[in-house]
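Both backbone and side-chain heavy atoms feed into the values below; hydrogens, waters and symmetry mates do not. Please read these numbers as outputs of a predicted model, since none were measured by experiment. Each chain gets a letter, A, B and so on, in the order the sequences are listed, and its residues count up from 1.
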Amino acid sequence: MKTVFALVDCNNFYASCEKLFRPDLRDTPVIVLSNNDGCVVARSREAKALGIKMGVPVHHIRSEIRLHGIQLFSSNYTLYGDLSRRVMTTLEALAPRVDVYSIDEAFLDLTGVERAVSLESFGRQVKDTVVQDTGLPVCVGIAPTRTLAKLANYAAKKYRATEGVVDLTDIGRQRRLMALVPVEEVWGVGRKLSTKLQGMGITNALELADADPSTLRKQFSVVLERTIRELNGIGCIPWEDVPQPKKQIMCSRSFGSPLKALSDLEEAVAQFATRATEKLRKGEQYAGALMVFFRTNSFRTDLPQYSNSASVKLITSTQDSRAIVQQVLSLLRPMYRNGYDYAKAGVMLSDLVNATTIQDDLFASASPGEGDRAVRLMSVIDEINRKSRTKVRSARQAGPSAYAMRREHLSPAYTTNWTQLPSVT
DNA sequence: TCTGGGGTCCTAGGACCC
DNA sequence: TCTGGGGTCCTAGGACCC
């Protein structure tokens, strides 16, 4: 049976989430900002039409914001995460297999669907059901491979006549569309690669599809070879039946205002280490290595710059916040230099393993039972932190206000906090 | 004044071994 | 002038994704 994928992708996801609870903004241009209200990370249809670009620093577009009355929102990941779950739940009821690819998109397995109903009408059903259940608009691209489904979704978004659904299972249709799509729009072809490809005369998706895969593999990499095959309808990215465990966990932030003192940086990285370890325990994993980094603001070329990072392999894999915080701090201290404005820092946990593959430290001095006690302590802390507003934390972690993120345009937690439910008046 | 955060995969090149 | 060869493992960094 022919494999068929659908890619369902929410339209302007973060901006749509914000508009969902603000019907008064229905036709108003809306943009959502990154952490610290730094860059534009999402734009409503109206904001795109005004030429607001993805990723621009918000202070570069102050005049457009004033001129057009663009509404700003600080990113509200609690809200987006909750609405994302609702969308995915709806999709899981519609298709036998759903692969959640990111917060706002998922691949559906539509293999065999065609025997019951046309793919296009199934796509419309998906789109209508999601908007009915969640209020969020989506587009649906249908094709024999993931890369072509991405392309179909691109067309569904770009061409209004499609009404948000494109069935790209027909080869003639694939080729006609590919001839219209610039090569940089192909999934897996980024800025660097598209510049090089254009230099070779490959400017659209069709020219890439018709290029020789093994030649381009030698010149670039196996990734591009796979992309070419996928454009030709040969699937190279199969279904994963078991979700793959994470391989690394990152926690990093830019600071709302720069930090100078070692003690401030210590507080920050201790907090990142703690949060990263919480994620680790949530996935029931143990870290075998960790890395800490920090840096000044590289955009401030007028200021002295310094950045550094260090990593260490742990003798015993752990999920104990105290051990990880202690390691992170002992890496940080010798790298610290006085006299700089530090703008960002982070902690990365890697070499992640699950409990059954964990290897004990032959030379560990801990008495029997020590490990169990640590595990119990951590799970009690996690439980308290889940339930309570006042967090339990180690003495090293910063209090909530030490270097608070700028979030001047934050919307309420409409769906996850009883006190912030939307009200109808 | 002000420029995000969190991931994955692949490759090249060095270290080491016989 | 000529400077072994080939395998494995690991790491850092690049490129991509959303």
Return the nearest nucleotide to the side chain of [X]; candidates are [options].
| X | options | result |
| --- | --- | --- |
| A/Met250 | B/dG5, B/dG6, B/dC10 | B/dG6 |
| A/Arg253 | C/dT11, B/dG6, C/dC18 | B/dG6 |
| A/Ser254 | B/dG5, B/dC2, B/dT8 | B/dG5 |
| A/Asn297 | B/dT3, B/dT11, B/dT1 | B/dT3 |

Legend entry - Parallel, tilted or perpendicular, as decided by the 30° and 60° cut-offs, for the rings of A/Tyr306 and A/Phe294: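 Perpendicular.
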Inset, instruction - Using the six-membered ring wherever Trp is involved, compare the ring planes of A/Phe255 and A/Phe272 and label them parallel, tilted or perpendicular (cut-offs 30° and 60°). - result: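 Plane angle under 30°, so parallel.
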Report yes if at least one side-chain N or O of [X] is closer than 4.0 Å to OP1 or OP2 of [N]; otherwise report no.
| X | N | result |
| --- | --- | --- |
| A/Ser221 | B/dC9 | no |
| A/Lys192 | C/dG14 | no |
| A/Lys247 | B/dC9 | yes |
| A/Ser252 | B/dG6 | yes |
| A/Arg62 | B/dT1 | no |
| A/Lys344 | B/dT3 | no |
| A/Asn36 | B/dC2 | no |

Looking for any heavy atom pair under 4.0 Å, which part of the strands does [X] touch: base, sugar-phosphate only, or nothing?
| X | result |
| --- | --- |
| A/Lys150 | sugar-phosphate |
| A/Val58 | nothing |
| A/Asp37 | nothing |
| A/Arg226 | sugar-phosphate |
| A/Ile103 | nothing |
| A/Val56 | nothing |
| A/Leu33 | nothing |
| A/Val100 | nothing |

Whole-Å distance separating the [atom1] atom of [X] from the [atom2] atom of [N]:
| X | N | atom1 | atom2 | result |
| --- | --- | --- | --- | --- |
| A/Phe255 | B/dG4 | CZ | C1' | 14 Å |
| A/Leu208 | C/dC16 | CG | P | 13 Å |
| A/Gln248 | B/dG6 | CD | C1' | 8 Å |
| A/His60 | B/dC2 | NE2 | P | 11 Å |
| A/Gln219 | B/dA12 | CD | P | 13 Å |
| A/Asn35 | B/dG4 | CG | P | 9 Å |
| A/Arg191 | C/dA15 | CZ | P | 10 Å |
| A/Tyr14 | B/dG6 | OH | P | 12 Å |

Legend entry - Between C/dC17 and B/dG4 - C1' atom distance, rounded Å: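 One C1' to the other, the span is 15 Å.
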Inset, instruction - Report yes if the side chains of A/Leu216 and A/Leu197 come closer than 4.5 Å at any heavy-atom pair, otherwise no. - result: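 Yes, close enough: below the 4.5 Å cut-off.
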Inset, instruction - Compare all side-chain heavy atoms of A/Ile324 with those of A/Thr318 and state whether any distance is below 4.5 angstrom. - result: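 A/Ile324 reaches A/Thr318 side chain to side chain.
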Inset, instruction - Once you apply the 3.5 Å cut-off to both distances, tell me the Watson-Crick or G-U wobble partner of B/dG5, or none. - result: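 B/dG5 is paired with C/dC18.
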Inset, instruction - State whether A/Glu184 and A/Lys192 are salt-bridged, where the test is any N-O pair (Lys NZ or Arg NE/NH1/NH2 against Asp/Glu carboxylate O) under 4.0 Å. - result: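 A salt bridge is absent here (no side-chain N lies under 4.0 Å from a carboxylate O).
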Legend entry - Presence of salt bridge, A/Asp133 and A/Arg86, under 4.0 angstrom: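 No.
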Inset, instruction - For the residue pair A/Tyr80 and A/Asp82, confirm or rule out a side-chain donor-acceptor distance under 3.5 Å. - result: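 Checked: A/Tyr80/A/Asp82 side chains show no N/O donor-acceptor pair below 3.5 Å.
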Inset, instruction - For A/Phe220 and for A/Gly38, find the nucleotide of DNA chain B with the closest heavy atom, then tell me which residue's nucleotide is more 5'. - result: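 Final value for this comparison: A/Gly38.
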Inset, instruction - Let me know, please, whether A/Cys39 or A/Pro245 comes out on the 5' side of the other along DNA chain B by nearest nucleotide. - result: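 Checking each residue's closest nucleotide, the 5'-ward one belongs to A/Cys39.
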